[in-house]
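To start, the structure under review is shown below, and the notes come after it.
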Amino acid sequence: MMTRLALVSESAKTAPQSSASPSPLASPVFGLQEGATPRLLVLDGHSMAFRAFYAMPVDKFVTQAGQYTNAVHGFTAMLLTMIRQQKPTHVVVAFDLDTPTFRSLDYTEYKGGRNKTPEEFYGQIDLIIKVMEAMRIPTISVDGFEADDIIATLSTQGETAGWDVVVVSGDRDAFQLITDKVSVLYPKKGISDIPPMDAAAVEAKYFVSPARYSDLAALVGETADNLPGVPGVGPKTAAKWINLYGGLEGIFENIDAIGGKVGDSLRAHIEDVKRNRRLNHLLRDMELPVALEDTVLQSPDRDAVEELFDALEFNQLRKRLFDLFGEEEALDAGATHEVPAHQLVSDAAALNAWVEATTGLVAVDVVSEKVGLAHEATAVALVGQESAVVVDLGTADAALDSALAAWLLSDAPKVVHEYKEALKALSVRGLSLGGVVDDTSLSGYLIQPDRRSYELAELSQVHLKVSFEAEATADAGQLDLGLESEKKYDEAVQRGYVALLLSEYFAPLLQERSAAVLLRELELPLAAILARMELTGIDVSQERLAVLLDDFTTAMNAAKEAAYAAIGHEVNLGSPKQLQEVLFEELALPKTKKIKTGFTTDAASLKWLLEKTGHEFLAQLMAHREASKLKQMVETLKKSLAEDGRIHTTYAQNVAATGRLSSNNPNLQNIPIRTEEGRRVRDIFVVSEGYECLLAADYSQIEMRIMAHLSGDAGLIQAYAEGEDLHRYVGSHVFGVAPEDVTSAMRSKVKAMSYGLAYGLTSFGLSKQLEISVDEARTLVKDYFDRFGGVRDYLRGVVEQARKDGFTSTIEGRRRYLPDLSSSDRQLRELAERIALNSPIQGSAADIIKHAMLGVAAQLQAQELKSRMLLQVHDELILEIWPGELETVKALVIAQMGAAADLLVPLEVQVGVGSSWNDAGH
DNA sequence: CCTAGAGGTAT
DNA sequence: TAATACCTCTAGGT
């Protein structure tokens, strides 16, 4: 079966495809599809600017420099909406000039009697023109003529050339331009409600055809232009005469036949009517300085837009603009990329023939269906530069199956989007993947680690400016009539092709940003390990889970009833809003810290309130919070139990901007540990049948060790070299006492301080953490830096370097870009500074444990051990030990984790074993 | 059904 | 006014 599809919208699919294949980024012109009818959007600049001015609040749009921008903002927003909705290929804006026109010379009162232009409007037209220049949209004004004439001329030219024309004007005279090719958008109210007026709409409203609208306006008059009409004649009468006599000429010919008072009135004001008609007639054959073809819609001058919008302080609008043009450019760029046709292969020979004929990188896209909580592969698309094949796993015979399996596993270079998910879906079919040199969801992440999403369509949009149809919504249970699967195959090939393009695009960027090594040697191999860990899951004791749920529910209910009793009525304890009423109004307790919705009821505040007032309700509320949180957590775990009785979390390799993993569905990286009750949750995670025990290995103070390494601080390095208790050592130096005289209060202070440093601590934050005065905290910081000057110098240097480079780096060269370091917004800038302090430390720790995981997995495999890695919790690995392998595995884990980085200080690893995760803790 | 806010868990 | 995550509930909207 042969299918052809392009990475573009419907309109472009029908257009002839260019066979040339320029860079996806080259997009001088867009929206113009060869063979499609051009569509011209003409705007009346002044009338729309005025509409915008009165529609937007003046005082809300003032720049710091004092320039009013409400009309500019409103106009630009309206224009973007028009471009989005109308999808024009050409756009032009016509403006009036202040100079006299042939109309005002003809009739000096023309447009007289208008209110003086408001002061705040001054200068806004010039700004609109500047916005148009930045957007590369031509503007036209002609001395002695009005914008209406320019519009009439343009629309006539457009129509003559066979184009569609859309006129946007707040002047009703434009209605005379309406034909089946020309429509007018006339704002009803403000600038947000601009319904299209076509011939039918004009007739419905005025009872005359658009061509006769000027006749009607001449009779009725136009207050806005100070053109009096015939007294006593309104639109109804005028329309009646026009339809009766076929227009003004007919009316004049039969003028004596019109009786009544209105007839007399008409005869008395006949000259006014003739003048009105003369003035409202729009010129259609002006000489214009801009040719029709020159109005073609181009991509905006991004630098100019940036600069101008900075000055105008248009931030949301900037985003809207770039979003819009991102999309539009994509359409055009997409039109130049032809997705190769694909063939559905049904035998091994066909697959092998394709493989033989295909050179270079091949994208693999796995089509899967959801089965329970997992995904199972149903088909595989292999996409090369020139051609593609699809293998349906459901119908493949054994020979095809093994040919496919062999190729997938081979070293033939492949690119995948979401390698880990592909591996998981394939594994249920007994398939795997070898030779994967790129996963675009990971390379995209390494290039730009703080994006929210790395979906293929989004990466394609952002980097390639190519958009393609959204992924098929997996309609499980729907009848598969062949058409459905054909559509899925098309999409799979499409996705594969986009991944191929992205991979090519990313390759040099990865090199530039020194991320190619990270991808190849760290993230890609890690993805395979994570896939295995996710598939394995961790065993759960359902008995313990049930007991826990019961206990927590009981505790929760007891606390709830006691809380109700303490205040004499019921209240939703889970509603901060209702709690505020009880605490601060009903019980009139002291006010806590202010939050958006009033006063906080968080745990720290409740504790403070309880100490202050001793109110029973507070004690019960706190007990209820703890119990309900735990119950909720246990319930969530129960819901995520798979059919095999195990919990399979999913690790996200591209979510945390520092390089850490994250865990979700369910999150197994935030299982309680700090309280006795909380630790019971850890007890539900147990060793699987047939295995000996769980082993938990964690790095001791890895972030502080990285701090010591990065700062090179002699004191810290010495402390670690001597194997001292770090906090005791630091405490003895900061407080000037012997190590054995460091009290636990002193120790906990320096501990909080040390950890705070890695988060970009402030004296204020430290004072709150330690419940001490800001002064005391400040002294603590000073004393700390006096003794550990290397740390202070390092922290200063990190921010300085990041400001210079634009990014921070980890020990493995993982970068995080921080443009906000030079923001003028203090809050943003200071946040960026704290991020700059934290990212190298947190990120280096992430690099290290990832290396350790690679080492552990490699050793387990090399030594043919049956023990396996189950979980990772940032600085901790959980393994399941096969009988007889404990000592071997323990040693190799310690060795691999310890050797994962070569730092100036040793990496210490603590290991515990037990039959549950809690027991394995230490 | 979606979203913001509040609150809480982990490293 | 201390970094990185994920999750759930309420309340107020579509």
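Keep in mind that the numbers below use all heavy atoms, side chains included, and drop hydrogens, waters and symmetry copies. Every chain is numbered from 1, with letters handed out A, B, ... down the list of sequences.
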Whole Å only: how far is the [atom1] atom of [X] from the [atom2] atom of [N]?
X        : N      : atom1 : atom2 : answer
A:Glu626 : B:dT9  : CD    : P     : 7 Å
A:Glu677 : B:dG8  : CD    : P     : 17 Å
A:Lys631 : B:dG7  : NZ    : C1'   : 16 Å
A:Glu635 : B:dT9  : CD    : P     : 16 Å
A:Tyr755 : B:dA10 : OH    : C1'   : 14 Å
A:Met622 : B:dT9  : CE    : P     : 10 Å

Answer with base, sugar-phosphate or nothing: what part of the nucleic acid does [X] contact at a heavy-atom distance below 4.0 Å?
X        : answer
A:Gly756 : base
A:Arg834 : sugar-phosphate
A:Gln842 : base
A:Ile673 : sugar-phosphate
A:Ala656 : sugar-phosphate
A:Ala846 : nothing
A:Arg826 : nothing
A:Gln578 : sugar-phosphate
A:Leu573 : nothing
A:Ser663 : sugar-phosphate
A:Lys629 : base

Open item on the list: side-chain hydrogen bond (donor to acceptor under 3.5 Å, both in side chains) for A:Glu876 and A:Gln872? Distances and angles first, verdict last.
Closed with: CA-CA 6 Å; A:Glu876 176 183 16; A:Gln872 189 252 44; over 6 Å; no
I'd like to check [X] versus [Y] (side-chain heavy atoms, cut-off strictly below 4.5 Å). Are they in contact?
X        : Y        : value
A:Phe685 : A:Leu871 : no
A:Leu609 : A:Pro590 : yes
A:Val750 : A:Phe735 : yes

Task: DNA chain C stem ranges, 3 or more consecutive Watson-Crick or G-U pairs under 3.5 angstrom - done: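 B:1-11 with C:3-13 - these are the stems of 3 or more pairs that involve DNA chain C.
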Hey, can you tell me if [X] and [Y] have their rings parallel, tilted or perpendicular (30° and 60° cut-offs)?
X        : Y        : result
A:His727 : A:Tyr755 : tilted
A:Tyr445 : A:Tyr454 : perpendicular
A:Phe617 : A:His615 : perpendicular

Open item on the list: If you take any heavy atom closer than 4.0 Å to DNA chain B, which residues from residues 592-612 of chain A end up in contact?
Closed with: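 Those residues are A:Ile595, A:Lys596, A:Thr597, A:Thr600, A:Thr601, A:Asp602, A:Ala603.
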Does any donor atom in the side chain of [X] or [Y] lie under 3.5 Å from an acceptor atom in the other side chain?
X        : Y        : value
A:Ser441 : A:Asp439 : yes
A:Thr649 : A:Ser663 : yes
A:Glu812 : A:His851 : yes

Task: With A:Leu637, the side-chain contact (heavy atoms from CB on, under 4.5 Å) member among A:Leu548, A:Val540, A:Val681 - done: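 Exactly one candidate clears the test, A:Val681.
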Task: Test side-chain contact (heavy atoms from CB on, under 4.5 Å) applied to A:Ser711 and A:Val798, A:Ile706, A:Val791, A:Leu757, the passing residue - done: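 Of all the options given, the one that passes is A:Val791.
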Task: Intermediate values then yes/no, salt bridge (Lys or Arg N to Asp or Glu O under 4.0 Å), A:Glu458 and A:Arg451 - done: CA-CA 10 Å; A:Glu458 192 173 319; A:Arg451 289 197 68 79; 2.6 Å; yes
Task: Most 5' of A:Asn664 and A:Thr658 on DNA chain C, judged by nearest nucleotide - done: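 Looking at the nearest nucleotide for each, A:Thr658 comes out on the 5' side.
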Open item on the list: With heavy atoms of chain A within less than 4.0 Å as the criterion, where does contact along DNA chain C begin and end?
Closed with: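 Range of nucleotides within reach of chain A: C:dT1 to C:dG12.
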